2 protein chains.
Amino acid sequence: MSLARVHNFAISLDGFGTGEGQSREAPFGHAGERLHEWMFKTRFWYDMIGKSGGNAGVDDAFARQFDAGVGAEIMGAGKYGFPGWHEDPEWKGWWGPNPPFHTPTFILTHHPRPAIEMEGGTTFHFLDASPAEALEAARKAADGQDVRIGGGATVIREFLAARLIDHMHVVVVPLLLGRGVRLWDELEDLEKDYDIEAVSSPSGVTHLTFTRTGG
Amino acid sequence: MSLARVHNFAISLDGFGTGEGQSREAPFGHAGERLHEWMFKTRFWYDMIGKSGGNAGVDDAFARQFDAGVGAEIMGAGKYGFPGWHEDPEWKGWWGPNPPFHTPTFILTHHPRPAIEMEGGTTFHFLDASPAEALEAARKAADGQDVRIGGGATVIREFLAARLIDHMHVVVVPLLLGRGVRLWDELEDLEKDYDIEAVSSPSGVTHLTFTRTGG
């Protein structure tokens with residue numbers, strides 16, 4: 001069965017997945033890279049940027065679940081680009097010529113454009129669709145493998161609200177952003193559909209995993 | 001030095017310290033007792049209600065920091081009673097004749113009334129005062145010992161915003177309340193004043209401790 005999975009999605013203690021004031025210069029707004037510093041110290045990240053080093057502890061063990069068995073990604077317009085990217089015909093995401101997805105990648109947008117084939121196996125497809133429709137398209141493209149729901153907070157929240165997520169890994173970072181885009185709004189009683197585990201890391205972050213139960 | 005301390009303050013994953021719809025019948029609103037079940041299983045709690053049993057693990061280790069070295073408590077009107085308690089001259093809190101505070105206990109309210117002496121060392125004092133003024137009064141009463149800031153969420157948030165808390169223990173419970181009173185609003189950059197540790201428990205909750213740094 002092809003699962004819908006969230007990995008390495010970081011939020012602040014007060015529940016923000018990104019800051020306020022996102023722009024071309026500040027992809028995460030006033031949050032900067034503070035939600036992701038835990039990941040930059042992992043061996044997973046060092047490997048990805050082609051360096052040696054990094055820690056091989058619990059943060060790394062979680063971080064490297066990102067790839068295995070994933071055949072497609074779905075992301076929101078706000079992850080793909082700065083507000084207004086759809087007016088820039090040259091915009092191809094933040095990640096350079098070889099993005100880290102290496103699969104078909106579906107961008108949910110009200111401004112679809114033709115698909116863009118990148119290096120390394122990533123093809124960006126642009127869809128104006130509901131979460132359920134997008135998941136159906138991504139599953140087809142994933143060819144039996146799982147689909148990663150890549151974020152941002154709004155997209156994950158919509159997929160959770162539609163009860164489409166099978167497995168979710170959230171990383172709670174001990175800082176208070178105060179403003180931005182919240183992950184948890186309007187999700188009362190979500191825990192009834194999931195087994196939830198919490199594991200704190202010596203780095204200070206806490207890993208939460210949500211595993212959908214049969215019910 | 002007399003510290004201002006928070007202990008055993010439980011919130012949901014989405015940051016609510018109490019639910020919506022608090023009343024005489026539902027002190028925590030729609031949250032019920034779900035934020036406190038972790039504590040009811042500790043040896044600390046069993047001791048308090050005069051029974052034997054309970055677990056002696058990490059939840060218990062944190063729970064029993066509640067008393068040691070505390071000479072006074074400050075709480076909000078919403079912890080002391082249901083909405084409208086000030087119109088009931090007989091109301092003496094939720095805790096029966098022998099409340100679990102055993103010290104002078106200051107209730108922040110816009111409707112002060114004469115002090116009430118209870119059994120076991122608890123005296124309720126009613127104050128219409130700012131956080132800083134209340135802390136000064138409680139410190140005097142604590143006679144050199146620490147002051148516990150007892151909650152609810154609004155009161156703790158106000159004391160945090162005024163940078164009056166020296167030590168805080170928050171328990172994150174893996175459920176989504178969706179509505180109620182939030183602890184974390186308007187506290188951007190709070191982490192800069194504290195060392196924060198996170199420890200997950202096999203019970204599923206995560207203990208957060210905030211220790212004020214010198215800065």
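Since we're looking at a predicted model, the values are computed, not measured. Quick note on labels: first sequence line is chain A, next is B, and so on, each numbered from 1.
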Would you say A:E197 has more than 12 foreign heavy atoms packed within less than 6.0 Å of its CD? no
In Å and rounded to the nearest 0.5 Å, what is the CG to CG distance from A:D189 to B:L175? 8.5 Å
Proximal component of A:F210, with respect to chain B [non-hydrogen, under 4.5 Å]: side chain
Under a 4.0 Å threshold between the charged nitrogen and the carboxylate oxygen, would A:R179 count as salt-bridged to B:D185? no
Let me confirm one number: the OG-CG distance from A:S200 to B:L208, rounded to the nearest 0.5 Å. 7.5 Å
What distance do A:E191 atom CD and B:L177 atom CG have between them, rounded to the nearest 0.5 Å? 7.5 Å
Please find the pair of heavy atoms, one from A:A198 and one from B:G204, that lie closest to each other, and give the distance. CB-O, 4.1 Å
Ion pair B:R157/A:D14, N-O distance below 4.0 Å: no
Residue A:H30 versus chain B: region with a heavy atom under 4.5 Å: side chain
In terms of heavy-atom pairs under 4.5 Å with chain B, the winner among A:L13, A:L190, A:T206 is A:L13
